[in-house]
Amino acid sequence: MGKSGHLSPPPGGTTTDASDVGTEEIVGVFSVENPHGLHARPASRLVSEVRALDASVQLRNLTTGGPAVPAGSLSRVATLAALQGHEVEVRAAGPQAQEAVEHLLTLAARRFDETVEGAVEPQASSGATSVSGPLPASPGIAIGPLRRLTAVPVDLDQQPVGEPAAEWRRIVESVAAVRRDIEHVRVVTAREVGAEQASIFDAHLSLLTDTEMLADVKTRTSTGIGAVSAWAGCLAEVEREWASLPDPYLRERAADVHAVGDQVLRALTGEPARRMTSEGVLVVGDLTPAETASLDLALVTGVVLAHGSPSSHAVILARARDIPVVVAAGAEVLSVPEGATILLDGSTGELHIDPSPELLQKYQKRAEDAAGQRARQLALSEQPAVSRDGTPVAVAANLGSVADARAALAAGADGAGLVRTEFLFLDRSAAPDVDEQQAEYGAIAAAMDGRPITLRTLDVGGDKPLAYLPMPQEANPFLGQRGIRLSLAHRDLLRDQMVAICHTARDHPISIMIPMVSTPGEMIEARQVLSEAAGPDGLPDGLRIGTMIEVPSAALKIEAFLPYVDFVSIGTNDLTQYALAAERGNGAVAALSDALDPGVLQLIDHVCRAAAGRIDVAVCGEAASDELAIPVLVGLGVRELSVSPPAVPRVKAAVRELNVERCAALARDALTLAGADEVRKHVLTMLSEAPR
């Protein structure tokens with residue numbers, strides 16, 4: 001902010017010429033691969049990377065033929081209106097010009113490390129009392145009185161104006177305060193919801209340090225305009241510019257500008273933010289991500305947005321918090337009186353205002369049936385999952401945060417079968433140190449209240465890159481340097497993580513799991529690093545060491561791994577994609593990627609037969625919560641299923657209905673069938689017969 005305060009906008013909108021820098025100009029071109037184009041999140045990643053380099057970088061959309069814009073300004077990069085498939089030219093000059101161009105081209109090839117949120121298709125609403133046009137956005141049924149957010153609007157015309165220097169200082173202080181608030185919300189969201197959802201706030205933080213935008217605000221204050229009007233005027237222009245972009249998805253990002261602008265205005269004037277004060281269904285024009293992240297789940301039963309879309313940042317956060325939402329309900333919904341009964345189904349987009357008694361009864365019955373089944377399963381979730389013929393099966397949870405651990409404990413999980421430790425390493429500029437890692441691992445273990453947890457070592461690579469760890473561009477990252485391959489290439493990073501795990505294991509029941517192992521040699525090396533990390537006291541008592549089975553060759557030569565492991569956990573997601581040559585994220589081959597394919601089942605069967613009586617076998621992939629896969633996995637010999645926290649009660653209930661002897665016969669049959677479809681039909685037949 002100190003540097004930004006001394007900047008002034010370039011006269012006439014000109015940009016720095018390469019000749020002024022005194023070094024050769026470097027030029028490159030990349031194609032935008034992101035499905036929604038260069039919108040706020042990938043653009044903010046691009047901007048943050050450029051700002052860290054000693055180079056003057058300009059971008060130009062070659063496809064549209066628009067003017068060049070400075071790559072260090074998010075407000076300008078957004079106006080490129082770069083959609084998927086557009087060609088963007090990069091021009092850089094300065095000491096790190098070459099690095100800048102190469103780095104941006106590599107980032108673009110990785111889609112700027114964006115994880116794409118699945119689109120939600122609209123469905124028609126029904127009923128005479130429904131509101132036309134709403135779209136499903138976050139699943140679930142909500143019924144309750146209409147509630148609104150309350151806040152005093154900011155009066156732009158009644159604000160006192162001081163000396164220009166004092167007005168600029170007010171802006172600097174307010175922007176700094178909002179930045180601290182957003183950084184706090186981002187950290188909490190990463191911990192409580194997830195790193196991907198938390199990255200939504202990166203665009204907001206980039207806007208608050210946008211030098212061109214701040215220079216414009218400073219220029220306005222220097223002419224005698226007050227801080228409030230200067231800020232509001234500048235942000236309104238940026239918002240209008242974003243809102244006029246040709247692509248609908250990019251236009252929606254104008255909401256980010258409005259959200260940031262309003263936060264700073266309230267910091268300048270002292271006006272409080274909007275709040276929901278009574279229980280019910282929240283009806284509002286739109287929500288900012290910060291507002292969504294701070295919604296009180298004890299009050300809000302559902303959300304209706306008059307505007308917005310299923311892909312908005314606020315809705316992404318709402319889905320992550322399990323809040324039923326419909327969007328695009330229309331401005332007329334804002335005129336519905338407070339207290340009116342609202343009924344919404346976030347799965348179908350149905351929205352009813354003051355529904356008829358018959359319709360209300362129908363949805364109440366539907367919601368009650370679903371809630372009743374969940375309640376019955378939850379009531380028994382603390383009890384062990386034991387089959388009808390007396391075979392216990394542990395049902396653990398896959399975790400990625402402390403919040404997940406709390407949810408898993410509440411859901412009755414027997415432990416944590418997989419803690420994805422990469423949540424600590426992603427979306428940051430430097431690796432976490434030993435103390436930070438130990439604190440997070442300890443917090444997760446404490447949240448699990450003494451139940452065993454399995455910490456998987458860092459599982460990243462070309463498909464999940466780290467900004468602070470140089471990685472070459474790979475034609476196929478899934479077949480490249482990832483998992484333990486990458487960790488062994490950066491032993492200091494692995495050793496620090498293992499030091500933190502050993503410290504944690506001296507106070508809590510901990511297992512350590514090595515991902516993406518394909519040779520026994522990798523397991524031996526990993527154990528050597530672990531021994532170094534443990535220090536002179538040796539390995540903590542009770543620390544179990546295991547590996548993921550994700551690579552078909554590891555499954556086939558499982559005997560070679562047994563001397564070095566106490567357990568194995570089969571990652572069916574990766575094992576399936578490698579065995580069937582069907583990338584798990586590729587919709588064109590999604591039908592092939594089924595863990596119930598007999599080829600995949602034969603790999604699992606081989607592991608279970610070799611491990612029987614020697615080590616434990618778990619499954620931590622999506623198949624573990626697939627109710628048609630559970631009988632087959634149990635029949636093959638799997639005795640631990642690790643699933644998402646909400647799925648724990650349901651999976652335990654499914655196990656209790658099984659007869660393991662019959663499951664074993666079913667599994668033997670499944671191994672001989674031609675494809676996953678046949679296996680699923682066979683399982684359905686078995687489940688339809690009684691008794692199980």
Side-chain angles (χ1 to χ4, degrees), residues 138-144 192 279 296-302 319-324 345-347 361-419 444-453 509 618-620 622-631 633-634 638-660 662-663 687-688 690-692:
S138 181
I141 294 173
I143 302 172
E192 303 292 336
E279 183 179 356
D296 187 345
L297 297 182
L299 295 178
V300 61
T301 59
R319 277 199 294 272
R321 302 190 72 198
D322 293 325
I323 302 173
D345 187 335
S347 301
Q361 184 178 15
K362 172 185 173 183
Y363 273 87
Q364 285 174 335
K365 179 67 164 59
R366 187 185 298 178
E368 287 168 4
D369 288 347
Q373 184 180 36
R374 289 194 300 271
R376 288 190 295 274
Q377 294 171 348
L378 185 60
L380 298 173
S381 64
E382 289 291 336
Q383 299 181 16
V386 180
S387 69
R388 287 179 179 270
D389 53 349
T391 300
V393 176
V395 180
N398 299 330
L399 310 180
S401 67
V402 176
D404 284 350
R406 296 192 192 107
L409 184 68
D414 298 323
L418 166 64
V419 178
I444 289 174
M448 290 300 294
D449 195 27
R451 303 183 190 197
I453 70 171
V619 168
C620 60
E622 293 298 319
S625 60
D626 182 339
E627 292 190 32
L628 294 183
I630 291 170
L633 296 174
V634 171
V638 173
R639 292 297 178 263
E640 179 181 305
L641 301 168
S642 193
V643 301
S644 67
V648 169
R650 174 175 59 81
V651 172
K652 281 192 167 186
V655 169
R656 295 187 188 109
E657 295 299 317
L658 299 179
N659 177 294
V660 173
R662 294 188 69 219
C663 288
L687 293 178
S688 66
R692 298 180 192 174

- prompt: What's the spacing between Leu641 CG and Asn398 CG if we round to 0.5 Å?
  reply: 10.5 Å

task: Enter the distance from Ile143:CD1 to Thr301:OG1 here, rounded to the nearest 0.5 Å.
output: 9.0 Å

message: Between Pro631 and Arg662, is there a side-chain heavy-atom distance shorter than 4.5 Å?
response: no

- request: Check the pair Glu657, Ile630 against side-chain contact (heavy atoms from CB on, under 4.5 Å), reporting the backbone distance first and the verdict last.
  value: CA-CA 11 Å; Glu657 295 299 317; Ile630 291 170; over 6 Å; no

- prompt: Ser625 and Val651: which non-hydrogen atoms are nearest, and at how many Å?
  reply: CA-CG2, 3.9 Å

Distance-minimising heavy-atom pair for Pro645 and Pro649: O-CD, 3.9 Å

task: Quick one: pull up CG in Leu628 and CG in Leu633 and give me the separation to the nearest 0.5 Å.
output: 11.0 Å

query: Would you find a donor on one side and an acceptor on the other, under 3.5 Å apart, between the side chain of Arg451 and the backbone of Ala396?
result: no

query: Within a radius of less than 6.0 Å around CD of Glu382, do more than 12 heavy atoms belonging to other residues, nucleotides or ligands occur?
result: yes

- line: Output for pair (Leu378 CG, Arg650 CZ), nearest 0.5 Å, gives 13.5 Å

Side-chain donor or acceptor of Ser138 paired with backbone N/O of Gly346 under 3.5 Å: no

- prompt: Is any side-chain heavy atom of Leu658 less than 4.5 Å from a side-chain heavy atom of Thr391?
  reply: no

- prompt: So do Asp414 and Lys652 actually touch side chain to side chain, heavy atoms under 4.5 Å?
  reply: yes

query: Are Leu399 and Met448 close enough that some pair of their side-chain heavy atoms sits under 4.5 Å apart?
result: yes

- request: First locate atom CZ of Arg406, then atom OG of Ser401, and finally report the distance between them rounded to the nearest 0.5 Å.
  value: 8.5 Å

message: Distance check, rounded to the nearest 0.5 Å: Cys663 atom SG versus Leu687 atom CG?
response: 8.0 Å

- prompt: Quick one: does Asn659's side chain have a donor or acceptor within less than 3.5 Å of a partner on Arg388's backbone?
  reply: no

- request: Indicate yes or no: at least one non-hydrogen side-chain atom of Glu279 is less than 4.5 angstrom from one of Val300.
  value: no

task: Identify the two heavy atoms, one from Ala408 and one from Ala397, that lie closest to each other, and give their separation to 0.1 Å.
output: CB-CB, 3.6 Å

